[in-house]
Amino acid sequence: MKTLTTSILACLLPFAVFAGDREDCANDDLFHYEKIAACNRVLDASQNDPDAYVALGEALSEDEQFAEAIEAFSKALAIAPDHIRALERRSVAFNQSERHQEAETDLVHLTEITGDEDWHFYRLGYTRGQLGNHEGAIAALDQAIALDSDYYWSHYERGRALSLLDRDAEAGNSYAEAAHIKPLSDAIHSRAYRSFQWAELPQRAAYHARILYTLDPNKLTMRDWLQDFVGTDAPSQMEPLAWVPPDEGQEIRYFNIFAPVDSRDDTTKSIEDLINFFGGNTYPMPETASVFRRSYVAGGGDDLDPITTFEHRNNGTPSRRPPQARFRGLFQLNVQPFGPGTPVIAPVWGDTEPAQVWPLQDGASAQGIATFTAMCATGPGMSAIMMGCRPDIQTVPLGQIDWSINVETDRIHVPMGVFDTYKVSFVLRGDITILGKTNSFDFDASYWISPELNNWVAAIFTIGDKYSYSQAMEVVE
């Protein structure tokens, strides 16, 4: 019996090992050399397995053994001439080996087999560009974009091909499409800026220059170019702007950065600008950047509730919070420090209040003292008790704040364009005391409000040593 069992195991063992090799050959998580060895063992057992040859070729490509990879893909295609994966990967290996003509042959074959795969047309466009056939590249990339208009690299390669044909305005348009897909890429904004500049389209160039300079304030030549573009003309005469809520159907896309405050004095900046001239970086770089859309719906009284949708962020996913009402769509004056469902802390105004600064006009101002007050009925529970709320106490003063609001006219450039605006600057200085602990409350905000849009086109908040700066990119259609 023992002899019979041993004989059966001896017969079955090669099949078990073969099954494990086949799994390892298809496992992209293995080290390259492990996958290559497993695929070779599979092929030693069966020379008629195109998928194993493709897996071997992929592992060899990842190990930058392109000649050997091409040989493996070719063996797969000798068995299955229309094997899509083999053609795709062999064309890439040909490209990486500078054998672009052979890559083009594979890619043409692929487009004939499938006809509706944008990546095949994209790779064909890229390959023709490498061969210097820029018109052919554009034709292939046009087909790729028709199949999928959201693929960044199709627009990028189309822009490169057009640029090499000195069709700068068209190249700029392609780069701008790519920038819309990846709006936080300084590389694509740089290409778009240069193309529009060469095409003598300064307004289009300025859109990308403004984003570039905001992403990297050390680009001083970009800063100087923008200053020349905007000029030094004073804002045109504007009529006083009465408070009217923005159209609820109006949605604006904004570009935002969060960065350290540059606390250097002007003399130090002038000296250190010389360092920038020789390639140094002396201006603080943004810590995060994002793109978001915002519209408003009517809240209560002077409040508007923002509807904000984040589209892009270069540092993780932004946290989602319920919209906090903003005074006339601008300042968030009411806060819930302990989160939703807890008491709202709101300012109770004295003899003056911020609304008095409307209608906006140059030189308008208002200032006064307000009391930060816990509104107990808005959030009963332990947090309310911690603030001093009781059944017979509905409001609890937590501290006084000095506030001021000032208005001046200002011409500003944002990616969307040059706007004559009312710059509304708001300052809060005070303390809040909860459970005997006093915290200072220092808040500075400025909004640039365009009468043309009846909405803000730029906003900056400064709290402590950090600031948040948002600029309008376009009205969402």
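Everything numeric in this text was worked out from a predicted model, so none of it was measured. Residue indices begin at 1 and follow the sequence shown.
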Notebook entry, point to check: Can you check whether Tyr469's main-chain N or O pairs, donor with acceptor, with Asn256's side chain at less than 3.5 Å?
Noted result: yes
Notebook entry, point to check: In terms of ring plane angle, is the pair Trp225 and Phe229 parallel, tilted or perpendicular, where the classes change at 30° and 60°?
Noted result: parallel
Checklist line | Any side-chain donor near an acceptor of the partner, Glu102 and His100, under 3.5 Å | finding: no
Notebook entry, point to check: Rounded to the nearest 0.5 Å, what separation is found between the OG1 atom of Thr221 and the CG atom of Asn218?
Noted result: 11.0 Å
Check: Is Ser450 reaching over with its side chain to a backbone N or O of Glu452, donor-acceptor style, under 3.5 angstrom?
Finding: yes
Checklist line | Polar contact flag, side-chain donor to acceptor under 3.5 angstrom, Tyr175-Arg194 | finding: no
Margin query: Can you give me the closest heavy-atom contact between Cys25 and Lys35, atom names plus distance?
Written below: O-CE, 2.8 Å
Next item on the list: Classify the ring geometry between Phe331 and Phe327 as parallel (under 30°), tilted (30 to 60°) or perpendicular (over 60°).
Entry: parallel
Margin query: Tell me if a side-chain donor or acceptor on Ser174 pairs with a main-chain N or O of Ala171 at a distance below 3.5 Å.
Written below: no
Next item on the list: Establish, yes or no, whether the cationic atom of Lys182 lies under 6.0 Å from the six-membered ring centre of Tyr152 and within 45° of the ring axis.
Entry: yes
Note to self: Would you call the rings of Tyr122 and Tyr126 parallel, tilted or perpendicular, taking 30° and 60° as the class edges?
What the structure shows: tilted
Margin query: Return the CD1 to OG1 distance between Ile412 and Thr421, rounded to the nearest 0.5 Å.
Written below: 6.0 Å
Check: How would you list, by chain and number, every residue that makes a salt bridge (charged side-chain N to carboxylate O under 4.0 Å, His left out) with Glu135, sequence neighbours excluded?
Finding: Arg167
Notebook entry, point to check: Can a donor-acceptor pair be found between the side chains of Arg128 and His134 at a distance below 3.5 Å?
Noted result: no
Next item on the list: Determine, for Glu251 against Arg294, whether the closest basic-nitrogen to carboxylate-oxygen distance falls under 4.0 angstrom.
Entry: no
Checklist line | Check: Asp302 main-chain N/O paired with Arg328 side-chain donor or acceptor under 3.5 Å | finding: no
Margin query: Can you tell me how far apart OG1 (Thr114) and CG (Asp82) are? Round to the nearest 0.5 Å.
Written below: 10.5 Å
Checklist line | Test item: Gln250 side-chain N/O and Asn454 main-chain N/O as donor-acceptor pair under 3.5 Å | finding: no
Notebook entry, point to check: For residues Arg90 and Ser74, is any side-chain donor paired with an opposing acceptor at under 3.5 Å?
Noted result: yes
Checklist line | Approximate separation, where rounding is to 0.5 Å, of Asp444 CG and Ile460 CD1 | finding: 9.5 Å
Checklist line | Trp243 side, atom CH2; Leu360 side, atom CG - distance, nearest 0.5 Å | finding: 10.0 Å
Item checked: Taking every non-hydrogen atom, the tightest pair across Phe121 and Gln143 -> CE2-OE1, 3.4 Å
Checklist line | Atom pair OH/CD1 of Tyr467 and Ile257 - distance to nearest 0.5 Å | finding: 4.0 Å
Checklist line | Distance-only polar pair, side chains of Asn95 and Arg123, donor-acceptor under 3.5 Å | finding: yes
Next item on the list: Please test Thr214 against Gln471 for side chain to side chain donor-acceptor pair (under 3.5 Å), starting from the C-alpha separation and ending with a verdict.
Entry: CA-CA 10 Å; Thr214 306; Gln471 303 173 61; 2.9 Å; yes
Notebook entry, point to check: With no hydrogens and no angle check, is any side-chain donor or acceptor of Asp49 less than 3.5 Å from a backbone partner on Asp51?
Noted result: yes
Check: What is the minimum heavy-atom distance between Glu157 and Leu141, and which atoms define it?
Finding: C-CD1, 3.6 Å
Next item on the list: Find out whether Pro245 and Leu304 are in side-chain contact, i.e. whether some heavy atom of one side chain is under 4.5 Å from a heavy atom of the other.
Entry: yes
Next item on the list: Ignoring hydrogens and angles, state whether a donor on the side chain of Tyr213 or Arg223 is under 3.5 Å from an acceptor on the partner side chain.
Entry: no
Notebook entry, point to check: What orientation do Phe443 and Phe461 show, parallel under 30°, tilted 30 to 60°, or perpendicular over 60°?
Noted result: tilted
Note to self: For the residue pair Ser195 / Asp168, report whether a side-chain donor-acceptor contact shorter than 3.5 Å exists.
What the structure shows: no
Next item on the list: Start with the C-alpha gap between Phe292 and Ser470, add the side-chain angles, then the distance that decides, and say whether side chain to side chain contact (heavy atoms under 4.5 Å, CB included) holds.
Entry: CA-CA 9 Å; Phe292 65 91; Ser470 300; 3.8 Å; yes
Margin query: Any side-chain to backbone donor/acceptor pair from Asn40 onto Ile36? Under 3.5 Å, distance only.
Written below: yes
Checklist line | Side-chain donor-acceptor pair present, Gln197, Tyr193, cut-off under 3.5 Å | finding: yes
Next item on the list: Kindly indicate, with the supporting measurements, whether the criterion salt bridge (Lys or Arg N to Asp or Glu O under 4.0 Å) is fulfilled by Arg253 and Glu311.
Entry: CA-CA 9 Å; Arg253 181 176 286 111; Glu311 295 182 351; 3.0 Å; yes
Margin query: Met473 vs Ile211, test: side chain to side chain contact (heavy atoms under 4.5 Å, CB included). Steps then yes/no.
Written below: CA-CA 9 Å; Met473 303 174 76; Ile211 295 174; 4.0 Å; yes
Notebook entry, point to check: Has the side chain of Ser190 got a donor or acceptor atom that lies under 3.5 Å from a matching backbone atom of Asp186?
Noted result: no
Next item on the list: Over 60° means perpendicular and under 30° means parallel, so classify the ring planes of His208 and His189, tilted if in between.
Entry: tilted
Checklist line | Distance-only side-chain donor-acceptor flag, His120 / Glu88, under 3.5 Å | finding: yes
Next item on the list: Verify whether the ring centers belonging to Tyr254 and Trp456 lie closer than 6.0 Å.
Entry: yes
Next item on the list: Under the salt bridge (Lys or Arg N to Asp or Glu O under 4.0 Å) rule, what do Arg158 and Glu177 come out as? Steps first, then yes or no, please.
Entry: CA-CA 10 Å; Arg158 187 175 187 275; Glu177 289 292 336; over 6 Å; no
Notebook entry, point to check: Are the side chains of Trp448 and Val414 in touch, meaning some heavy atoms are under 4.5 Å apart?
Noted result: no
Checklist line | Shortest non-hydrogen contact from Arg210 toward His413 | finding: NE-ND1, 3.0 Å
Margin query: Less than 4.5 Å apart, side chain to side chain, heavy atoms only: is that true for Ile345 and Asn334?
Written below: no
Next item on the list: Before giving the answer on side chain to side chain contact (heavy atoms under 4.5 Å, CB included), spell out for His155 and Ile145 the whole-Å C-alpha distance, their side-chain angles and the decisive distance to 0.1 Å.
Entry: CA-CA 7 Å; His155 294 287; Ile145 292 167; 3.6 Å; yes
Item checked: Heavy-atom pair of closest approach, residues Pro284 and Pro217 -> O-CG, 3.4 Å
Item checked: Verdict with reasoning, Arg313 to Thr288, per side chain to side chain contact (heavy atoms under 4.5 Å, CB included) -> CA-CA 7 Å; Arg313 189 174 173 89; Thr288 65; 4.2 Å; yes
Checklist line | Donor-acceptor contact present, side-chain Glu34 to main-chain Phe31, <3.5 Å | finding: yes
Next item on the list: Return the minimal non-hydrogen interatomic distance between Ile252 and Ala472, and the atom names on each side.
Entry: CG2-CB, 3.9 Å
Item checked: Test item: Ser97 side-chain N/O and Ala93 main-chain N/O as donor-acceptor pair under 3.5 Å -> yes
